[in-house]
Amino acid sequence: MTKTDFIQIQWLTLDIILLPDECSQDGWVDVNNLNKNKITEDLEYKKYSEYENNFETMLCRPKTLKGIENNNSWIKLNDGEDFPLFNNKTKYDLGIMNDQRKFIVSKRSVGITSLLRGFYHHGITHFREVNDIHPLY
């Protein structure tokens with residue numbers, strides 16, 4: 001699943017259909033573009049201003065998108081180009097997101113060798129430097 005897919009699904013769970021170009025890369029939409037009956041407590045809000053154009057509005061997105069900017073610090077492995085620079089001192093958590101979107105942390109605090117082995121031989125889909133937050137997508 002891509003970040004864009006995840007954002008679209010979160011909007012759909014609120015019965016709001018958006019085209020990908022109708023929201024920002026982090027899922028924000030101008031409140032004025034929604035029907036008033038769709039503005040609920042399930043959305044988070046932020047003010048947006050363009051001072052040079054004297055423009056101000058309110059943006060919203062599903063609360064379930066909180067942390068989408070950095071995927072809660074997890075990096076999704078798409079191919080070998082996503083690996084960090086080799087550093088033998090850094091420890092990583094490894095995880096697997098299955099097809100049902102269930103996330104399992106499979107190994108904690110391992111080195112770069114285990115990260116590479118996990119990706120190529122054990123289906124690892126995500127990694128991060130050691131901390132305690134799960135990815136969104």
Side-chain angles (χ1 to χ4, degrees):
M1 173 180 301
T2 66
K3 181 178 179 179
T4 303
D5 294 338
F6 182 77
I7 290 169
Q8 290 296 315
I9 289 167
Q10 299 313 301
W11 278 104
L12 282 172
T13 61
L14 300 176
D15 293 324
I16 299 172
I17 299 171
L18 296 174
L19 297 172
D21 62 343
E22 290 183 296
C23 61
S24 74
Q25 66 181 11
D26 296 324
W28 294 102
V29 172
D30 190 323
V31 172
N32 297 309
N33 293 341
L34 298 179
N35 291 332
K36 290 189 187 229
N37 64 339
K38 299 292 184 181
I39 299 173
T40 68
E41 292 179 8
D42 296 322
L43 299 172
E44 68 173 318
Y45 301 89
K46 76 175 183 178
K47 191 183 225 181
Y48 175 78
S49 301
E50 292 178 4
Y51 295 107
E52 62 277 358
N53 297 325
N54 199 24
F55 175 76
E56 191 171 278
T57 192
M58 188 68 72
L59 302 177
C60 66
R61 70 178 180 185
K63 287 181 179 178
T64 54
L65 293 177
K66 184 176 175 85
I68 192 82
E69 292 82 1
N70 68 358
N71 201 22
N72 285 338
S73 76
W74 285 88
I75 297 169
K76 184 176 180 183
L77 291 167
N78 298 310
D79 54 36
E81 294 179 14
D82 301 310
F83 289 117
L85 295 175
F86 289 94
N87 180 343
N88 291 330
K89 295 179 182 177
T90 303
K91 296 296 180 187
Y92 303 96
D93 290 338
L94 309 180
I96 299 170
M97 173 99 50
N98 66 21
D99 292 336
Q100 290 78 37
R101 296 205 62 259
K102 180 174 170 108
F103 185 76
I104 302 161
V105 176
S106 67
K107 294 194 181 231
R108 292 198 177 269
S109 196
V110 300
I112 190 69
T113 303
S114 293
L115 170 58
L116 293 168
R117 189 179 305 121
F119 175 68
Y120 288 112
H121 301 293
H122 302 293
I124 297 299
T125 60
H126 292 77
F127 76 94
R128 67 171 176 185
E129 288 190 28
V130 176
N131 69 37
D132 291 324
I133 305 170
H134 292 290
L136 297 172
Y137 63 94

Please tabulate, for side-chain N and O atoms in residues 17-25, each donor-acceptor pair with protein atoms closer than 3.5 Å (sequence neighbours left out).
| unit_1 | atom_1 | unit_2 | atom_2 | d |
| --- | --- | --- | --- | --- |
| E22 | OE1 | L19 | N | 2.5 |
| S24 | OG | D26 | N | 3.2 |
| S24 | OG | G27 | N | 3.4 |
| S24 | OG | W28 | N | 3.0 |

Under the side chain to side chain contact (heavy atoms under 4.5 Å, CB included) test, which residues partner [X], sequence neighbours left out?
{"X": "E56", "result": "K47, S49"}
{"X": "N54", "result": "none"}
{"X": "N53", "result": "E50, F55"}

Exercise. Does the pair E44/R61 count as a salt bridge with the N-to-O cut at 4.0 Å?
Worked result: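 Yes, E44 and R61 are salt-bridged.
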From [X] [atom1] over to [Y] [atom2], what is the distance, rounded to the nearest 0.5 angstrom?
{"X": "E129", "Y": "Y92", "atom1": "CD", "atom2": "OH", "result": "5.5 Å"}
{"X": "I124", "Y": "I104", "atom1": "CD1", "atom2": "CD1", "result": "10.0 Å"}
{"X": "L77", "Y": "F127", "atom1": "CG", "atom2": "CZ", "result": "5.5 Å"}

For this session: Measure from the side-chain N and O atoms of N71 to the backbone N and O of I75, and report whether any donor-acceptor pair falls under 3.5 Å.
Result: no
Exercise. What's the verdict on side-chain contact (heavy atoms from CB on, under 4.5 Å) for L59 and Y45, showing C-alpha distance, side-chain angles and the deciding distance?
Worked result: CA-CA 6 Å; L59 302 177; Y45 301 89; over 6 Å; no
Problem set entry | side-chain hydrogen bond (donor to acceptor under 3.5 Å, both in side chains) involving Q10 - partner list, sequence neighbours excluded | T64
Problem set entry | Partners meeting side-chain hydrogen bond (donor to acceptor under 3.5 Å, both in side chains) with T57 (sequence neighbours left out) | D30, N32
List the atom pairs, donor and acceptor, that lie under 3.5 Å between side-chain atoms in residues 34-41 and the rest of the protein, sequence neighbours left out.
| unit_1 | atom_1 | unit_2 | atom_2 | d |
| --- | --- | --- | --- | --- |
| K38 | NZ | D15 | O | 3.0 |
| T40 | OG1 | D42 | N | 3.1 |

Exercise. Going by atom types only, do S73 and N70 share a side-chain donor-acceptor pair under 3.5 Å?
Worked result: no
Exercise. Is any side-chain heavy atom of K46 less than 4.5 Å from a side-chain heavy atom of M58?
Worked result: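 No - every pair of side-chain heavy atoms lies 4.5 Å or more apart.
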Exercise. Side-chain contact, heavy-atom cut-off 4.5 Å: V110 with K91?
Worked result: no
Exercise. Can you list the steps and then say if I96 with F103 is a side-chain contact (heavy atoms from CB on, under 4.5 Å)?
Worked result: CA-CA 6 Å; I96 299 170; F103 185 76; 5.9 Å; no
Exercise. Nearest heavy-atom pair of L65 and W11: which atoms, and what distance?
Worked result: CD1-NE1, 4.4 Å
Seminar exercise, completed: In short, L43 meets P62 closest at the heavy-atom pair CD2-N, 3.6 Å
Exercise. Is Y48 reachable from V29 through a run of hydrophobic residues whose side-chain heavy atoms are each under 4.5 Å from the next?
Worked result: no
